[in-house]
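The basis for the numbers below is simple: all heavy atoms, side chains too, and nothing from hydrogens, waters or symmetry mates. Within every chain, numbering begins at 1; the chains are lettered A, B, ... in the order of the sequence lines, protein sequences first and strands thereafter. As the structure is a computational prediction, the values presented were derived from the model and not from experiment.
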Number of protein chains: 2
Amino acid sequence: MFHSLNIDSEKEDRIINAATKVFSENGYKRASTNAIVKEAGISKGILFHYFKSKKDLYLSLYEHLSDMFAEKIYARLDWEERDIFEIIRQVSVIKLELFKTYPDLINFLNSVFHEDEAEVKEEVETIRESLTDSSFTKLFSNIDAGKFREGIDAAKAIQVIYWTFEGFANQQQAKAKSMSVADIYKEDVLAELDSYTDLLKKSFYK
Amino acid sequence: MFHSLNIDSEKEDRIINAATKVFSENGYKRASTNAIVKEAGISKGILFHYFKSKKDLYLSLYEHLSDMFAEKIYARLDWEERDIFEIIRQVSVIKLELFKTYPDLINFLNSVFHEDEAEVKEEVETIRESLTDSSFTKLFSNIDAGKFREGIDAAKAIQVIYWTFEGFANQQQAKAKSMSVADIYKEDVLAELDSYTDLLKKSFYK
DNA sequence: TCTTCATTGACCAACCTGGTCAAAAGGTGT
DNA sequence: ACACCTTTTGACCAGGTTGGTCAATGAAGA
């Protein structure tokens, strides 16, 4: 696992989603394997049959999910794009789609980033290093500053734009908690996102 | 407690700070009274002499801190102010000062807000209701929209401004973790905050 | 010395943890 | 019906942590 074959993918998805949820809500140490098996609707034994320890489960899950996340992002992003709003929109669309099948994916990835339990910290670091996120930061450092109006500090404006969409994402997530995942209409969310884009373009761009 | 007299306030502060820190980092359930007494440098017995239970400690602390927080805000805010940047600046200054004596205060208040442990949820709600935060929201709904440029959606602009300063505050807090509290110079932080104010005023105001 | 009150920390039962393993259930070919 | 093999179960374990107690100690004043 994962991909050790002869396990039906429906059950695999249940394990992934359960573990993702419990780990992201509690962090490594506090997350309980009992809670995970209960959430996934499987027995304790079978979890430890697939994964040799809690640590193994955690690290496998991290590797699996960050690989998948990176893959989806890479496949769909236009790496030549230099307009910050266009980049943010592309990333948002991809995140929204992932959210529907893996609701806690982004929370999990964030929680791993902030994890400081000694038992897993070193291995997390190793896995993180093996990811080529270098070009991802290049994407954001390559933004065309020429589009901003005179007298506008481009670096600060970019920071404001980033914080705005971070805040927007948090707000959407809070809303999503109080309704079923199926009720989140991608179009509605993107329309609201675009209204913020319009406001900021009108204010910052020439 | 709190204010049951015959306890020197230096020790009281140590208990407050320790409990605030541990509760804000772990939430009600996971927070351990052992960790609190260790952090405060007192014995287990004396903590349960002052507070009859963990629950009592938690609720007393919440009441004490939210009272104090509200008091400081009320005493220093100009309630006639209708310029959003001026309001945010005033609130920021007060928060910064509180941060120096009670570093985890704001984190604690936030964590209580998100707490969902059944054992304390009801009482937290009761205490929360007794706070007159109604006029606090009025402060933000009373903002002068006439200052915004034509064609700018004032409600959305206010949201952007709010997210920007929320993001800024988070960034400052992350920085603060990697240096001693004494090294945070109020003036530096306020100067940077003002540079964002300038940017947003230049972009949103007439 | 005696009394009073604040303070200590070893101790407790209850609970929860990650992990095991004998046994049951399910599947397939004969 | 049987035998054989793999998958899955959940009661069980030792180790650890929890909130809370209480007999004992210290300090201070009379």
Side-chain angles (χ1 to χ4, degrees), chain A residues 1-62 115 117-121 123-124, chain B residues 1-62 115 117-121 123-124:
Chain A
M1 274 278 249
F2 297 100
H3 306 122
S4 70
L5 278 301
N6 70 359
I7 177 184
D8 65 302
S9 69
E10 186 269 338
K11 184 185 283 184
E12 183 175 345
D13 264 356
R14 256 165 45 222
I15 297 180
I16 292 179
N17 279 331
T20 306
K21 184 179 175 190
V22 174
F23 277 127
S24 71
E25 283 170 355
N26 303 289
Y28 176 74
K29 195 68 182 238
R30 187 165 57 128
S32 145
T33 53
N34 293 318
I36 294 172
V37 298
K38 194 176 173 186
E39 176 85 25
I42 57 169
S43 74
K44 195 85 167 286
I46 202 64
L47 182 73
F48 283 93
H49 173 68
Y50 288 135
F51 303 91
K52 72 182 219 286
S53 66
K54 179 183 176 180
K55 184 173 171 179
D56 180 37
L57 167 62
Y58 185 76
L59 295 174
S60 300
L61 187 65
Y62 176 49
E115 182 64 58
E117 185 61 39
E119 204 182 331
V120 291
K121 202 164 188 186
E123 285 91 341
V124 162
Chain B
M1 273 279 252
F2 296 101
H3 307 123
S4 71
L5 278 302
N6 68 0
I7 178 184
D8 65 303
S9 69
E10 186 270 337
K11 185 185 281 181
E12 183 175 344
D13 264 357
R14 255 164 47 221
I15 297 180
I16 291 178
N17 279 332
T20 307
K21 184 178 175 190
V22 175
F23 277 126
S24 71
E25 281 170 356
N26 303 290
Y28 176 75
K29 196 68 181 237
R30 188 167 56 129
S32 145
T33 52
N34 294 319
I36 294 173
V37 299
K38 194 176 172 186
E39 176 84 25
I42 57 168
S43 74
K44 196 81 167 289
I46 202 64
L47 182 72
F48 283 93
H49 173 67
Y50 288 135
F51 303 92
K52 71 182 220 286
S53 67
K54 179 183 177 181
K55 184 173 170 180
D56 180 37
L57 167 63
Y58 185 75
L59 295 174
S60 299
L61 187 66
Y62 176 49
E115 182 65 55
E117 185 62 36
E119 205 181 331
V120 292
K121 202 164 189 187
E123 286 91 340
V124 162

Handout entry: Nearest-angstrom distance from the residue atom CG of B:Leu47 to P of C:dG9
Key = 14 Å
Exercise for the section: Check whether more than 12 heavy atoms from other residues, nucleotides or ligands sit under 6.0 Å from atom NZ of A:Lys52, and answer yes or no. Expected result: no
Practice task
Determine whether any donor atom in the side chain of A:Lys54 lies under 3.5 Å from an acceptor atom in the base of C:dG19, or the reverse, and answer yes or no.
Solution key: no
Exercise for the section: Kindly say if A:Tyr50 contacts the phosphate of D:dT8, meaning a side-chain N or O under 4.0 Å from OP1 or OP2. Expected result: yes
Practice task
For A:Lys29 and C:dT17, give me the distance from atom NZ to atom P, rounded to whole Å.
Solution key: 13 Å
Handout entry: A:Asn34 side-chain N/O to C:dT17 phosphate OP1/OP2 under 4.0 Å
Key = yes
Practice task
Evaluate whether atom NZ of B:Lys55 has more than 12 neighbouring non-hydrogen atoms of other residues, nucleotides or ligands under 6.0 angstrom away.
Solution key: yes
Practice task
Quickly work out the B:Lys38 NZ to D:dG19 P distance and round it to whole Å.
Solution key: 14 Å
Problem - Distance, nearest 0.5 Å, that separates CD of A:Glu39 from OG1 of A:Thr20 - result: 10.5 Å
Problem - 5' precedence on DNA chain C between A:Arg30 and A:Ile46 (nearest-nucleotide basis) - result: A:Arg30
Handout entry: Spacing of B:Glu117 atom CD relative to D:dG19 atom P, expressed in whole Å
Key = 12 Å
Exercise for the section: Report the distance from atom NE2 of B:His49 to atom P of C:dA6, rounded to the nearest whole Å. Expected result: 5 Å
Exercise for the section: Tell me which nucleotide among D:dG10, D:dT21, D:dT7 gets nearest to the side chain of A:Lys44. Expected result: D:dG10
Practice task
Please state whether the phosphate of D:dG19, meaning OP1 or OP2, lies under 4.0 angstrom from any side-chain nitrogen or oxygen of B:Ser32.
Solution key: yes
Exercise for the section: Whole angstrom is fine here: how far is it from OH in A:Tyr28 over to P in C:dT17? Expected result: 14 Å
Problem - Heavy-atom side-chain contact between B:Phe23 and B:Leu57 under 4.5 Å - result: yes
Completion exercise
Closest of D:dT21, D:dT8, C:dA6 to the B:Phe48 side chain is D:dT21
Problem - Short side-chain N/O contact to C:dT7 OP1/OP2 from B:Ser43, under 4.0 Å - result: no
Practice task
Answer yes or no on whether B:Lys54 is positioned over the face of B:Tyr28, meaning its NZ or CZ is under 6.0 Å from the six-membered ring centre and within 45° of the axis.
Solution key: yes
Handout entry: Spacing between A:Lys52 atom NZ and C:dT20 atom C1', to the nearest angstrom
Key = 16 Å
Practice task
Measure from CD1 on A:Ile36 to C1' on C:dG19 and round the result to the nearest Å.
Solution key: 13 Å
Practice task
Mind checking A:Ala31 for me? I need base, sugar-phosphate or nothing, with any heavy atom below 4.0 Å counting as a touch.
Solution key: sugar-phosphate
